[in-house]
**Student:** 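Can you read through this structure? Questions will come right after.
The first residue in the sequence is number 1, and the count goes up from there. Note that the structure is a prediction, hence the values are computed from the model and not measured.
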Amino acid sequence: MFQGRRKTSSAGLLSGRLHGLWLIVILLFVVLILRLSSIQLGAGAEYNQLAVENNFKQVPLVASRGKIYDRNGNILVENRSLFTAIYLEPDSDKKKKLATAKELANVLKMPLKDVLEAMDIGLDAKGKPTMRKQPPYYPKKLKDRLSDEEIVKISENPDRFPGVNIFSEPLRQYRKDSIAVQTIGYVRPYAGAKTSMKKYKALAAQPNQAGYLDWEQVGMDGIEYSYQDELRGKNGYRLVRVNSQGKLVEVLKEVSPKPGNDLITTLDQDMQLEAEAFVEQHLARLRTQAGNKRAPYARNAYAVAMEVKTGRIRSMVSYPDYDPNIWNGKVGSEDYRNLSFVINNGTIREAPYDARGSASPQSEVKRHPFSVLPSGSTFKPLTVLMGMMEGVIKPTTYWRDPGAFYYAKATPPIRNSGRHNYGLLDPVKAIQKSSNTFMAWLGTKWYRRDKLEAVEKFEQLAHAFGLGIKTGVPLPREQDGLEDYKIIAKRNSGMGAMALASFGQAQRYTALQLAQYMQTLGNKGTRLRPQLVEKVVNPTTGKTKEIKPEVMQRTPIKENYYQTVVRGMVQVTKPGGTAAELFNHLPFDVAAKTGTSEQDIPGRGRVENSVFVAFAPANDPQIAVAVIVPEGGYGAVAAGPIADHLITSYYEKFMKK
């Protein structure tokens, strides 16, 4: 009985304690609810204002690209500062954002559609939802190169332009004289590059686009593209606090951008500019002069001057050129059409005839050869050298020119230019007179001995001298030329292939390949990579990385074989040679070869292209040159004077002192 009463008393005590605990919990909830209500109803506006005013944004600071100089430190490409309108999207309704867009369209003189696309607020001109490209917190570039009037209107009327802030950023600045424009290349915003170029597509697939900004300028061609990683700096940022109108209130932190590395190129400013001016004037003379040397369609020219012992390119001309500053603005459809005729670097890849101004440019361009064309007689020194190296002929071999050489009964004869008969020929005289018959005799004799192995060896040795393969120049989209003789040998006749290839009518090469061929020959078989940049310099630390000459291949040449070919090429510039009127003013001999390549053009028939190669001085080669003038006619008339100018210019700037 006593034990039952004790159990009842303990249970009542426990129940009382539980009720007390529940009461405390309920009271705490009541206090919490009242506090939340107080915040919502009383201090809510204050807290909300603080949250809006403490709106942090990270604004990217674009790094300046490295500058590009010539070998003497003359500036070729630099940057200039400009003011840019950046949109930091505020926390406002769609109606206000659309109103801002309309104000901007009026002040910036831009179509409303373009302004909305730049703001990327997810609205079209009618206020209907569209797909955003970037998150709302991402800064958006509206327009660069703001005028003073635009800056004043935006700065002095913040209420009309909520979220619009003005910052300074670099813009690529090219020279007005368009020096070496195709070699240097150009830049465009990354937003467009990542949709069209493999390199930038890969970067866009990386997290945060590998740090690239959509409006950041990136290399699209030439040195600007090939040295993108060196020229590009490291972007910085500015952590800012903006108010409810998206206006910058204070800078909380700033990480300065680091500029890209500067490039010291191998180009010589004076030599390049003088060559470009000479080419322009020379082509104008060719088109207007009287007589049989007139070349009415000579509108394009491609020339390279490359050092024999270093591979450094001192001048690279692809004419006509254009003003690369056009890329800093909006390029229209007509601009693109005109650029298509001049933008390609014709010294390394196909460039079309300059058909600008024609009634139907796209039709007219098909009636003319491109920059990659048959090498013509410029190949003959290599034919002679290969013949000696393979034991087909000797330096002392003599052969009597029949005037018309038949390598097969059913084929038309091969004749010399002007149907000349040069009589008794040895290798030296065959080069001097540019004998087609001697070369065809040599090539077919080689084929009769070795059959298709002769074609294979011919290709192998041509490649050893830089012909038919890429030169390795640090420029994008280089072509390797066309070796038509291989197709002829495979489909038709190996004999015919060797006959035509022996005097340069069944292979097509770029001007740079021909220059590398001369460099390799002048360097006694040592082929060097064409070099366009000598040094990479960190502008902050001054640390310099020097780019040294690079050997790509060595092909041993016996001294008597080498001297035989050089004597023949020197005789080309002497009385009786095909370029006797050139180089007479120089204090040394020049080893040269003219070329007049024939090409059949649909709708036009056969045209003659002017080609010229040389190296100098002949006894100690320093500079190698190659020139191509499509439809220029005789090699010594159109291309030869340009080669003469380049060698003379090099002598005056590099050797005379």
**Student:** Report yes or no: is the cationic atom of Arg508 (NZ for Lys, CZ for Arg) closer than 6.0 Å to the six-membered ring centre of Phe370, at no more than 45° off its axis?
**Tutor:**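 No, Arg508 does not lie over the aromatic ring of Phe370.
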**Student:** Would you kindly say whether His585 and Asp644 are connected by a side-chain donor-acceptor distance under 3.5 Å?
**Tutor:**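 Yes, a side-chain donor-acceptor pair sits under 3.5 Å.
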**Student:** Consider only side-chain N and O atoms of Gln173 and Arg80, and report whether a donor and an acceptor are under 3.5 Å apart.
**Tutor:**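 Yes, a side-chain donor-acceptor pair sits under 3.5 Å.
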**Student:** Under 6.0 Å from the CD atom of Glu117, do we count more than 12 heavy atoms belonging to anything else shown?
**Tutor:**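 Not buried by this count: 12 neighbours or fewer within 6.0 Å.
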**Student:** Side chain to side chain contact (heavy atoms under 4.5 Å, CB included), that's the test. Do Phe458 and Gln507 meet it? Break it down for me.
**Tutor:** CA-CA 12 Å; Phe458 186 97; Gln507 58 268 61; 4.0 Å; yes
**Student:** Under a plain distance cut-off of 3.5 Å, with no hydrogens placed, do Thr471 and Glu478 share a side-chain donor-acceptor pair?
**Tutor:**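 On atom types as modelled, these side chains qualify, holding a pair under 3.5 Å.
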**Student:** So is Arg188 actually on top of Tyr200's ring, under 6.0 Å and inside 45° of the axis?
**Tutor:**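 Not flagged: Arg188 not positioned over aromatic ring of Tyr200.
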**Student:** Side chains of Glu631 and Pro369: does their closest heavy-atom pair fall under 4.5 Å?
**Tutor:**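 Yes, at least one pair of side-chain atoms sits under 4.5 Å.
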**Student:** Quick one about Glu224 and Tyr174 (side-chain donor to acceptor, distance below 3.5 Å, no hydrogens or angles considered), yes or no?
**Tutor:**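 There is such a pair (donor and acceptor under 3.5 Å, judged by atom type) between the side chains of Tyr174 and Glu224.
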**Student:** A side-chain contact here means heavy atoms from C-beta on lying under 4.5 Å apart; do Asp177 and Leu273 qualify?
**Tutor:**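 Asp177 vs Leu273: side chains touch.
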**Student:** Are side-chain N/O atoms of Ser434 and Ser377 paired as donor and acceptor at under 3.5 Å?
**Tutor:**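 Present: a donor and an acceptor within the cut-off.
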**Student:** Please tell me whether Trp327 and Tyr186 form a close aromatic pair, meaning their ring centres lie under 6.0 Å apart.
**Tutor:**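 Judged by ring-centre distance (under 6.0 Å), Trp327 and Tyr186 do meet the cut-off.
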**Student:** Can you tell if the side chain of Arg606 reaches within under 4.5 Å of the side chain of Gln599, non-hydrogen atoms only?
**Tutor:**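 SC-SC contact between Arg606 and Gln599 ruled out.
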**Student:** Is it the case that Arg172 and Asn79 place a side-chain donor and acceptor less than 3.5 Å from each other?
**Tutor:**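 Looking only at side-chain atoms, Asn79 and Arg172 do form a donor-acceptor pair, the distance falling under 3.5 Å.
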**Student:** Will you find, in the side chains of Lys201 and Thr195, an N or O donor that is under 3.5 Å from an N or O acceptor?
**Tutor:**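 No, Thr195 and Lys201 have no side-chain donor paired with an acceptor closer than 3.5 Å.
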**Student:** Would you say the side chains of Gln269 and Tyr69 form a donor-acceptor pair under 3.5 Å?
**Tutor:**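 No, no side-chain donor-acceptor pair sits under 3.5 Å.
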**Student:** Assess, by modelled atom type and distance only, whether the side chains of Glu276 and Gln272 contain a donor and an acceptor separated by less than 3.5 Å.
**Tutor:**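 Note: Glu276 and Gln272 side chains meet the donor-acceptor criterion.
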**Student:** Check whether any side-chain heavy atom of Val331 sits under 4.5 Å from a side-chain heavy atom of Leu339, and report yes or no.
**Tutor:**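 With C-beta onward as the side chain, the pair touches.
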